[in-house]
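Chain naming here is simple, since letters A, B, ... match the order of the sequence lines and numbering starts at 1 in each. These figures come from a predicted structure and were not determined experimentally.
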Amino acid sequence: MIPLSYYLTLSAILFGIGLIGVLLRKNAIAILFSVEIMLNSANLNLVAFSKYITPSQASGQMFALFVMAIAAAEVAVGLAIILMIYRNMQSIDLDKLNIFKW
Amino acid sequence: MDVSISLVIFLALAAMAIISSLMVVVGRNLFNAAMFLGAYLLVIAGFYFLLSAELVGIMQVFVYVGGVVVVLLFGIMLTSQMINVRLVSALQQRVLTLVVVAALVGLLVSIFSKTSFYYISSAEAPRDSISLIGKLFMTDYVLPFEVISVLLLAALIGAVIIAREEGRQ
C-alpha cells in the first residue's frame with residue numbers, strides 16, 4: 001500500500017497552494033476557487049485516513065460527504081453575496097471593499 | 001492492486017493535481033482558472049477511486065464538477081467585466097504570503113515524515129462500501145444528515161433572497 005504520509009504530504013501541499021490563492025488573489029470569485037481547493041485537500045485527508053485507519057467503518061468517508069454538502073451551500077451563498085457586492089459597487093476587487101474601515 | 005502500479009497512478013494524479021491547482025491560483029484569465037478548477041476536482045475524484053471510496057468519488061463528480069463549477073461559471077459571466085482584469089497584490093504582501101505558506105507546509109510535511117502511524121489497519125475495505133454508507137446515514141449519522149438537509153434548505157432560500165434585486169415585487 002502507498003504510505004499514508006504520501007497522501008498527507010500531497011494534501012498539505014495542495015492546502016498551501018489554496019492558501020496562497022486566498023491570500024494573494026484580489027478577485028472575490030478567484031478566492032472562492034482557492035477555498036474550494038483547500039476544502040478538497042482536507043477531504044482527501046479524511047478519505048485517506050478512513051482507508052488507512054478505519055477501513056471497515058468508513059467514518060472518514062461520511063465526513064467527506066458532509067463537507068461536500070456544506071461546500072455546495074457555501075458556494076451558493078458566497079456567490080449570491082458576490083453578485084450583490086458587484087451590483088452595488090460595480091467591482092469585485094476585495095481591496096475596494098473597505099467601507100467599514102474608518 | 002499491485003503496489004508499484006498504484007504508486008505510479010498516485011504520482012501521476014499528484015502531479016496533475018499540483019499543476020492544475022497552481023494554474024487556478026496564478027492564472028490570468030478567470031475562465032481558464034474555472035476550467036483548471038474542474039480538472040483539479042476530477043483529479044481529486046480519481047484519488048477517491050484510488051482509495052476505494054467509490055461513493056465519495058461519484059459524489060465529487062456530481063456535486064463539484066457538475067454543480068459547483070457550473071455555478072462558479074455563472075458567477076464569472078454575471079460579473080463579466082472582471083474576467084481579464086489582473087489585480088496584482090503588493091510585492092510585500094506576496095513575499096510575506098509565500099514565506100508564511102512555505103513555513104506552514106514545511107512544518108506539516110516534517111511532522112508527517114517523522115510521525116509513525118501506529119494505528120494503520122491492514123483490514124480490507126468492505127467490498128460494498130456504498131450500502132455501508134447508506135446504512136450509516138440512517139443509523140449513526142442520522143442527526144447530522146437531517147441537520148445538513150435543513151442547512152441546505154436555508155442556504156438555498158438565503159441565496160435566492162440575497163441575490164434577488166430589491167424593489168421589484
Look at A:Val22, A:Ile31, A:Leu14, A:Val77 and state which one has the largest set of heavy-atom pairs under 4.5 Å with chain B. A:Leu14
Option that, when pairs with chain A are counted at under 4.5 Å, heavy atom only, ranks first among B:Ile44, B:Val63, B:Ile133: B:Ile133
Residue selection (most heavy-atom pairs with chain B, distance under 4.5 Å) from A:Leu8, A:Leu79, A:Leu4: A:Leu8
Could you tell me the separation between the CG atom of A:Asn88 and the CG atom of A:Leu83, rounded to the nearest 0.5 Å? 11.0 Å
Which bit of A:Leu10 is near chain B, if near means a heavy-atom gap under 4.5 Å: side chain, backbone, both or neither? side chain
Count the heavy-atom pairs under 4.5 Å between each of B:Thr115, B:Val109, B:Leu72, B:Leu96 and chain A, then report the option with the highest count. B:Leu72
Heavy-atom proximity to chain A below 4.5 Å, by part of B:Val56: both
Taking a hydrophobic cluster as the set of Ile, Leu, Val, Met, Phe, Trp and Tyr residues connected by side-chain heavy atoms closer than 4.5 Å, whether directly or through intermediates, do A:Ile70 and B:Leu156 fall within one such cluster? no
Under 4.5 Å from a heavy atom of chain B, the part of A:Thr54 involved: neither
When rounded to the nearest 0.5 angstrom, what distance separates CD in A:Gln61 from OG in B:Ser52? 7.0 Å
Among A:Arg87, A:Met84, A:Met62, A:Lys51, single out the residue with the greatest number of heavy-atom pairs under 4.5 Å to chain B. A:Met62
What orientation do B:Phe10 and A:Tyr7 show, parallel under 30°, tilted 30 to 60°, or perpendicular over 60°? perpendicular
Part of A:Leu65 within contact of chain B (heavy atom distance under 4.5 Å): side chain
If you tally heavy-atom pairs under 4.5 Å against chain B, which of A:Asn43, A:Ile17, A:Thr9 wins? A:Ile17
Let me know if B:Ile18 has heavy atoms under 4.5 Å from chain A in its side chain, its backbone, both or neither. both
CD1 of A:Ile82 to CG of A:Asn27, rounded to nearest 0.5 Å, is 8.0 Å
Do B:Val150 and B:Leu152 sit in one hydrophobic cluster, given that two such residues count as connected whenever their side-chain heavy atoms are within less than 4.5 Å of each other, even indirectly? no
Using a 4.5 angstrom heavy-atom cutoff, name the option from A:Ala69, A:Ser34, A:Pro55, A:Ala80 with the most pairs to chain B. A:Pro55
If one checks every heavy atom of B:Ser113 against chain A at 4.5 Å, the contacting part turns out to be neither
Interface check, chain B: of A:Val75, A:Asn40, A:Ile2, A:Ile81, most non-hydrogen pairs under 4.5 Å belong to A:Asn40
Heavy-atom distance under 4.5 Å to chain B: side chain of A:Leu32, backbone, both or neither? side chain
If we ignore hydrogens and angles and just use 3.5 Å, is the side chain of B:Arg94 paired with the main-chain N or O of A:Leu24 as donor and acceptor? no
For the candidates B:Phe74, B:Phe145, B:Phe47, B:Tyr64, which exhibits the highest count of non-hydrogen atom pairs separated by less than 4.5 Å from chain A? B:Tyr64
Note, A:Leu19 side chain near B:Val100 side chain (heavy atom, < 4.5 Å): no
Please classify the contact between B:Leu132 and chain A as side chain, backbone, both or neither, with a heavy-atom cut-off of under 4.5 Å. side chain
Centroid-centroid distance, A:Phe66 to B:Phe137, less than 6.0 Å: yes
When clusters are formed by joining ILVMFWY residues with side-chain heavy atoms under 4.5 Å apart, either directly or through shared neighbours, do B:Val147 and B:Leu136 land in the same one? no
Between B:Phe36 and chain A, which part of the residue has a heavy atom less than 4.5 Å away: side chain, backbone, both or neither? neither
Please round to the nearest 0.5 Å and tell me the distance separating atom CD1 of A:Ile29 and atom OH of A:Tyr86. 9.5 Å
Top of B:Leu22, B:Val69, B:Leu151 for chain A proximity - count of heavy-atom pairs under 4.5 angstrom: B:Leu22
Can you tell which part of A:Phe49 gets under 4.5 Å to a heavy atom of chain B, answering side chain, backbone, both or neither? side chain
What part of A:Ser50 gets within 4.5 angstrom of chain B, counting heavy atoms only: side chain, backbone, both, or neither? neither
What distance do A:Phe15 atom CZ and A:Leu39 atom CG have between them, rounded to the nearest 0.5 Å? 9.0 Å
Can you say whether the rings of A:Phe63 and B:Tyr141 are parallel (under 30°), tilted (30 to 60°) or perpendicular (over 60°)? perpendicular
Side chain, backbone, both or neither: which part of B:Ala34 has an atom under 4.5 Å from a heavy atom of chain A? both
Contacting region of B:Ile161 [heavy-atom separation from chain A under 4.5 Å]: neither
Using non-hydrogen atoms and a 4.5 Å limit, figure out which bit of A:Ala12 sits close to chain B: side chain, backbone, both or neither. both
Measure distances from B:Leu78 to the heavy atoms of chain A and classify the residue's part below 4.5 Å as side chain, backbone, both or neither. both
Rounded to the nearest 0.5 Å, the CE atom of A:Met68 sits from the CD1 atom of B:Ile148 at a distance of 11.5 Å
Taking B:Gly46's backbone N and O only, do any of them form a donor-acceptor pair with B:Gln60's side chain (distance below 3.5 Å, no angle check)? no
When hydrophobic residues are tied together by side-chain contacts of less than 4.5 Å, even through go-betweens, does B:Ile58 share a cluster with B:Val68? yes
So for B:Tyr40, is it side chain, backbone, both, or neither that comes closer than 4.5 Å to the heavy atoms of chain A? side chain
Please determine whether residues B:Leu42 and B:Val70 belong to a single hydrophobic cluster, defined as Ile, Leu, Val, Met, Phe, Trp and Tyr linked transitively by side-chain heavy-atom distances below 4.5 Å. no
Side chain from CB out, backbone as N, CA, C, O: work out which of these in A:Ile20 comes under 4.5 Å of a heavy atom of chain B, or both, or neither. both
With a 4.5 angstrom heavy-atom cut-off, could you sort out which part of A:Glu74 is near chain B: side chain, backbone, both or neither? neither
Max heavy-atom pairs within cutoff under 4.5 Å with chain A, candidates B:Ile111, B:Val71, B:Leu108, goes to B:Val71
